[in-house]
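These notes are about the structure you will find just below.
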Number of protein chains: 2
Amino acid sequence: MVTIKDVAKASGYSVSTVSYALNDSDNIPQVTKDKIWAVAKKLKYYPNAAARNLKNKSTNNIGFFISGFTGPVYHKIYDGVASVINNSKYHLILSFSQNAKRMIRERQIDAAIIMCPQVEDSVIEHANRLGMPVFVLDRLDNGDEHTYSHMLDSYTGAKLATQQLVDEGHQTIAYLSGIVGSFVDDERYRAFHDVISSNGSIQEKVYFGNFTESSGYELVQQLQGTLPFEAIFCANDEMAIGFIKGCMEYGISVPEDISVIGFDNVDISQYINGGLTTIDVDQGKWGSEVAQDLLDVLDGKHVDKQKVCPVQLHLRNTTKKRAS
Amino acid sequence: MVTIKDVAKASGYSVSTVSYALNDSDNIPQVTKDKIWAVAKKLKYYPNAAARNLKNKSTNNIGFFISGFTGPVYHKIYDGVASVINNSKYHLILSFSQNAKRMIRERQIDAAIIMCPQVEDSVIEHANRLGMPVFVLDRLDNGDEHTYSHMLDSYTGAKLATQQLVDEGHQTIAYLSGIVGSFVDDERYRAFHDVISSNGSIQEKVYFGNFTESSGYELVQQLQGTLPFEAIFCANDEMAIGFIKGCMEYGISVPEDISVIGFDNVDISQYINGGLTTIDVDQGKWGSEVAQDLLDVLDGKHVDKQKVCPVQLHLRNTTKKRAS
DNA sequence: CTGAAAGCGCTTACAG
DNA sequence: CTGAAAGCGCTTACAG
């Protein structure tokens, strides 16, 4: 491996001068820099990251931790984050939740973005003790000094979805829950309930799912294809998709027999039943805002500790006015 | 930051003994290890990765470089790779193509998996000079000592697809190319042509696309909805999907009026037209085989320099026997 | 403008 | 069984 020593020897300068030149220090005249750069290039010298990181106490790497890639996850967020980070001096590194603990503790990264529930709070607290900024996505902030939280506006989204079903004139409206107790599900149910309650005559039904496609599918099976409601708001798209698949098997027409709304506007939702009505999030924008805030924090700027990401109703082909 | 020195001081042992104990050396009695571990835990000591990497000349990180996340990329490969790596002492790190050069040169990783054309050959050669194993996916091997290549069996897949169309009795069969000159496209066209040629009476038509959905869509537009062929093999699913969308707009029924086959079996293909007929790849298995071979190489074992990943025809709802 | 030297936090022969 | 010391490859006050 060629080290800075080799460049020093070959160029006739000292190690310090080579280091200064290569890091573009003001104290080195351009001619010297040119000579040293030429030698470095000829020798194909590249600094050893471990040595540099050890000395600098920083890595210029930003860790982005996720659960996995299969399933309709939020790919556009990654690209939104990446587009911003890639234009900075930092480098984006993705890894799975189980690596977060190690990479944070061992200081392999300067900051983290965490988008998976699997990372324990204790890990985030450890990062905070190290002074490492952590951005948590769609997860409640723990109040730590260096922790920031960007969340989808689940409440508003669920309100829009439910209101749409109410406006369509359905009399009995169901909610298919995600994992009960999760922040996201709590918010979505709360909004659903609030809207239904403020419309006296409408009946509310609640079923329990777990955010997976199969839990949506299974609901139709459990009901044996006889749906005691005219519309359903599923706490996410995957369940809505499963639910619609179930309907197909029982010959239930969407949206003629039943209106279905999801949440998230995942990639595949446009292909479901000619388009799933859902709550849309500008994921790319969400990601780039997170990334920009993160860069600002690393830059010593002040940034809001909590942000909410706006959502909107995206009407497509799975909801319909009730034929009265 | 708490360092090994702090643990040494607090435990009453020397830095060397602490290091040996924490690394589970045989020379340290269990009682000593226990005492030192207890102190390390109480102090929340975790080794600094940069220092360890500098000394060890390795990082235990494996880099996986990709183009981006949007579009129907091969998520299952990532999970296949990850499932194997996560059960080893190594850690998987994903990053974008533009970071590959730096991370390889600066030795931030011990090995690389490259799944994007954007990484130049020179970078791979540099890794080879460093003795760093590199696995390239669906890309021609450059013959370097430490470079391994795992490729989809494009030729066989294209042969299966074309043969299916021939067996259905179509008389004029088209090929919609990907980027001409790319290895993948060359192979797929070669197979297409071989099959057509060996069936004397069938006519071959070739159109040029670029692997994007819009290039499939535009073909229908260019032909103004009048298709001078009865079946088409598109060099990938995205183009097939675009093509089918184009057909819908012109009122052309798939598969009644035209048979369409894609290649890759991307996630969304199951939702297209009741299911796109395509060439399927067991991506999870592909990924886990790559990862296993990589671990074997890092373990000093001998491994095939080139491997081909099998494919199979997946019949769904976009091809149909010609009504004669 | 340039260089000698200290030090980042580890690991590991080596000596005892 | 344990410790003193060298060294991994950089950066950066400091001195001249």
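Residue numbering restarts at 1 for every chain, and letters A, B, ... go by the order of the sequence lines.
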Going 5' to 3' on DNA chain D, which nucleotide is the first and which the last to come under 4.0 Å of a heavy atom in chain B? D:dC1 to D:dG9

Hey, does B:Asn48 reach any base, or is it just sugar-phosphate, or nothing, if we go heavy atoms under 4.0 Å? sugar-phosphate

In terms of side-chain geometry, is the basic nitrogen of A:Asp121 or A:Arg139 positioned less than 4.0 Å from the acidic oxygen of its partner? yes

Contact class for A:Thr3 (heavy atom, under 4.0 Å): base, sugar-phosphate, or nothing? sugar-phosphate

When you check the gap from the basic side-chain N to the acidic O, do B:Asp282 and B:Lys76 get nearer than 4.0 Å? no

With no hydrogens and no angle check, is any side-chain donor or acceptor of A:Asn53 less than 3.5 Å from a backbone partner on A:Ala49? yes

Its dot-bracket string being built from Watson-Crick and G-U pairs below 3.5 Å, with | for another strand and [ ] for crossing, DNA chain C has the pattern |||.||||||||.|||

Distance in Å, B:Ile179 CD1 paired with B:Asn210 CG, rounded so as to fall on 0.5 Å steps: 6.0 Å

Classify B:Tyr13 by what it touches in the nucleic acid, base, sugar-phosphate, or nothing, heavy-atom distance under 4.0 Å. sugar-phosphate

If you look at every strand shown and take non-hydrogen atoms under 4.0 Å, does A:Lys57 touch a base, only sugar-phosphate, or nothing? sugar-phosphate

At under 4.0 Å between heavy atoms, what does B:Asn53 touch on the DNA or RNA strands: base, sugar-phosphate, or nothing? nothing

With nearest nucleotides of DNA chain D determined for B:Asn27 and B:Ala51 from heavy-atom distances, which residue corresponds to the more 5′ nucleotide? B:Asn27

One pair to check against side chain to side chain donor-acceptor pair (under 3.5 Å): A:Thr17 and A:Ser14. What are the steps and the verdict? CA-CA 5 Å; A:Thr17 302; A:Ser14 72; 3.2 Å; yes

How long is the straight-line distance from CG of B:Asn48 back to CD of A:Gln108, given to the nearest 0.5 Å? 9.0 Å

Judged by each residue's nearest nucleotide on DNA chain D, which is more toward the 5′ side, A:Val2 or B:Gly12? B:Gly12

Look at the aromatic rings of A:His126 and B:Tyr46 and report parallel, tilted or perpendicular, splitting at 30° and 60°. perpendicular

Could you give the distance from OG (A:Ser97) to CD (A:Gln118), rounded to the nearest 0.5 Å? 4.0 Å

